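Predicted, not measured: the structure shown is a model, and the values here were computed from it.
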Amino acid sequence: MSEKPTKHTKVLIIGSGPAGYTAAVYAARAMLKPMLVAGMQPGGQLTITTDVENYPGFADVIQGPWLMEQMREQAKAVGTDLVEDHIQSVNLKSKPFEAIGDGGQKYTADSIIISTGAQARWLNIESEEKFKGFGVSACATCDGFFFKDKTVAVVGGGNAAVEEAMFLTKFASKVQLIHRRNELRAEKLLQKKLMENKKIEIIWDSVVEEVIGDEDPRNVKGLKIKNTKTNEMSELKIDGLFIAIGHDPATSLFKDQLEMDNTGYLITKSDSTETNVPGVYAAGDVKDKIFRQAVTAAGMGCMAALEAEKYLASN
């Protein structure tokens, strides 16, 4: 089999959520002819977020997949080379940087913008999959609004779970926090606020076994939960379920080449998207575990492209 010719670009963007597409728009408008490799889930996490009400510029509710499609078309229209491939390995130790795709395609680049994002961890039960986007969510700030005066449950015991539960009390009439142990991992101050909130009930030592709901229209009605100490099963009536057991950034590709924190998020310089390797930038959820919004990811994509442009001009 003959080897495919290497593709070279000034700016290689790995990943295609709001961060990647925005970086592409800015890099293309700077006449850098960027190449964007879309990855396994083109459009990223927003492709599993149905109703988006908090992206600036849209008075009406828009659909996540539609927004990503628009960003993709915009990136293409201004001159981005969009590639359907998935990067398997990178070498950031020599110049130009190198990346190898799934089918063996080799890419070389003078600068790289990493926007590989993160994925919410799920419970991985069949019924959860069935109701994803129909009452089962991994983002309270995205979907909490739809549960006004309803009962919701949150699964988890860390900071994220406690913060989601407290955020949901703005809308829901009752929030049940389900945790598999008998104490929370969240910071003490957060725990105190949680305990003081009259709308929140904690269900200790319990795991979700099944999500119960209607087929048509699809919506969540309740949960089957199991007590981890007694194995006793019980049912909860709820209207929505939020999974808050953490996110995993897609950074295994960069292990031993880029600085990461202890949970695998890429570390960038203060007020910058630059990693510890000059010419390599990180934008969006791959480096941000605090905000995790489409608009902040897009903002970082813009920053990364402007920083890459400056870097290329001076090198």
Side-chain angles (χ1 to χ4, degrees), residues 15-18 39-52 63-65 68 86 116-147 150-165 167-168 172 175-181 184-186 202-203 205-215 218-226 228 233 235-236 238-253 263-265 284-286 288-294 297:
S16 60
M40 289 215 280
Q41 189 184 30
Q45 293 181 82
L46 267 191
T47 53
I48 54 166
T49 305
T50 45
D51 293 0
V52 176
Q63 299 298 303
M68 288 301 90
H86 181 245
T116 47
Q119 288 91 30
R121 286 186 212 134
W122 296 94
L123 301 173
N124 293 323
I125 51 175
E126 207 178 307
S127 53
E128 167 193 62
E129 190 60 47
K130 182 168 137 186
F131 290 106
K132 255 185 212 179
F134 296 94
V136 173
S137 168
C139 180
T141 42
C142 318
D143 302 322
F145 181 76
F146 304 109
F147 295 93
K150 294 192 161 136
T151 302
V152 296
V154 177
V155 177
N159 283 358
V162 170
E163 281 166 356
E164 301 259 282
F167 177 80
L168 288 164
V175 178
Q176 295 174 310
L177 181 67
I178 302 166
H179 186 41
R180 58 189 169 161
R181 297 200 244 297
L184 300 170
R185 295 189 314 280
I202 303 176
I203 300 169
D205 300 314
S206 297
V207 290
V208 174
E209 291 280 297
E210 196 189 333
V211 182
I212 312 160
D214 292 338
E215 287 293 329
R218 222 184 295 179
N219 65 335
V220 172
K221 281 286 174 71
L223 300 175
K224 278 187 185 157
I225 59 173
K226 182 173 87 175
T228 52
M233 298 290 287
E235 280 196 21
L236 280 185
I238 58 151
D239 304 296
L241 175 66
F242 289 85
I243 314 296
I245 53 176
H247 282 72
D248 294 312
T251 53
S252 53
L253 204 54
T263 48
Y265 286 86
D285 285 15
V286 75
D288 166 29
K289 57 179 172 186
I290 298 168
F291 303 108
R292 293 203 192 103
Q293 300 299 306

Spacing of I225 atom CD1 and E209 atom CD [to the nearest 0.5 Å]: 10.0 Å
Tell me yes or no: between the side chains of T141 and Q293, is some donor less than 3.5 Å from an acceptor? yes
Determine whether N219 and F134 satisfy the following criterion, side chain to side chain contact (heavy atoms under 4.5 Å, CB included), listing intermediate values before the conclusion. CA-CA 5 Å; N219 65 335; F134 296 94; 5.7 Å; no
Can you name the residues that form a side chain to side chain contact (heavy atoms under 4.5 Å, CB included) with D288, not counting sequence neighbours? D285, I290, F291, T296, M300
Would you give the length of the straight line joining atom NE2 of H179 to atom CG of L184, rounded to the nearest 0.5 angstrom? 5.5 Å
Quick one: pull up NZ in K224 and OG in S127 and give me the separation to the nearest 0.5 Å. 9.0 Å
When you look at L241 and L223, which way does the side chain to side chain contact (heavy atoms under 4.5 Å, CB included) test go after all the steps? CA-CA 9 Å; L241 175 66; L223 300 175; 3.8 Å; yes
Of all heavy-atom pairs linking P42 and T47, the shortest is O-CG2, 3.2 Å
Residues which pass ring-ring contact (aromatic ring centres under 6.0 Å, His included) with F167, listed by chain and number, not counting sequence neighbours: F171
Test V208 against V155 for side chain to side chain contact (heavy atoms under 4.5 Å, CB included), laying out the working first. CA-CA 8 Å; V208 174; V155 177; 3.7 Å; yes
What's the shortest heavy-atom distance between P18 and A297, and which atoms? CB-CB, 4.2 Å
Considering all heavy atoms of both residues, which atom of V207 and which atom of R180 are nearest to each other, and what is their separation? CG1-CB, 3.7 Å
Tell me the closest heavy-atom pair linking A161 and A244, and the distance in Å. CA-CB, 3.6 Å
Taken in chain and number order and not counting sequence neighbours, the residues that satisfy salt bridge (charged side-chain N to carboxylate O under 4.0 Å, His left out) with E126 are none
Are there over 12 heavy-atom neighbours, none belonging to M233, within less than 6.0 Å of that residue's CE? yes
Contacts of type side-chain hydrogen bond (donor to acceptor under 3.5 Å, both in side chains), residue S206, not counting sequence neighbours: none
Of all heavy-atom pairs between A172 and V152, which one has the smallest distance, and what is that distance? CB-CG2, 3.8 Å
Nearest 0.5 Å, please: how far is CD in Q63 from CG in L46? 11.0 Å
Worked verdict on I203 versus L177 for side chain to side chain contact (heavy atoms under 4.5 Å, CB included): CA-CA 6 Å; I203 300 169; L177 181 67; over 6 Å; no
Heavy atoms from other residues, nucleotides or ligands near CZ of F145 exceed 12 (cutoff 6.0 Å): no
Just verifying a value: how many Å separate I212 CD1 and E235 CD, rounded to the nearest 0.5 Å? 4.0 Å
Salt bridge (charged side-chain N to carboxylate O under 4.0 Å, His left out) pairs, two or more places apart, involving residues 242-251: R121-D248
Residues T263 and K289: closest non-hydrogen pair is OG1-NZ, 3.3 Å
So, the side chain of T151 versus the backbone of I238: is there a donor-acceptor pair under 3.5 Å, distance only? no
For the pair E215 and K130, find out whether any cationic side-chain nitrogen is under 4.0 Å from an anionic carboxylate oxygen. yes
Is D214 salt-bridged to K221, cutoff N-O under 4.0 Å? yes
To the nearest 0.5 Å, what is the distance between CD (E164) and CG (D143)? 9.5 Å
With sequence neighbours excluded, tell me which residues meet ring-ring contact (aromatic ring centres under 6.0 Å, His included) with Y265. none
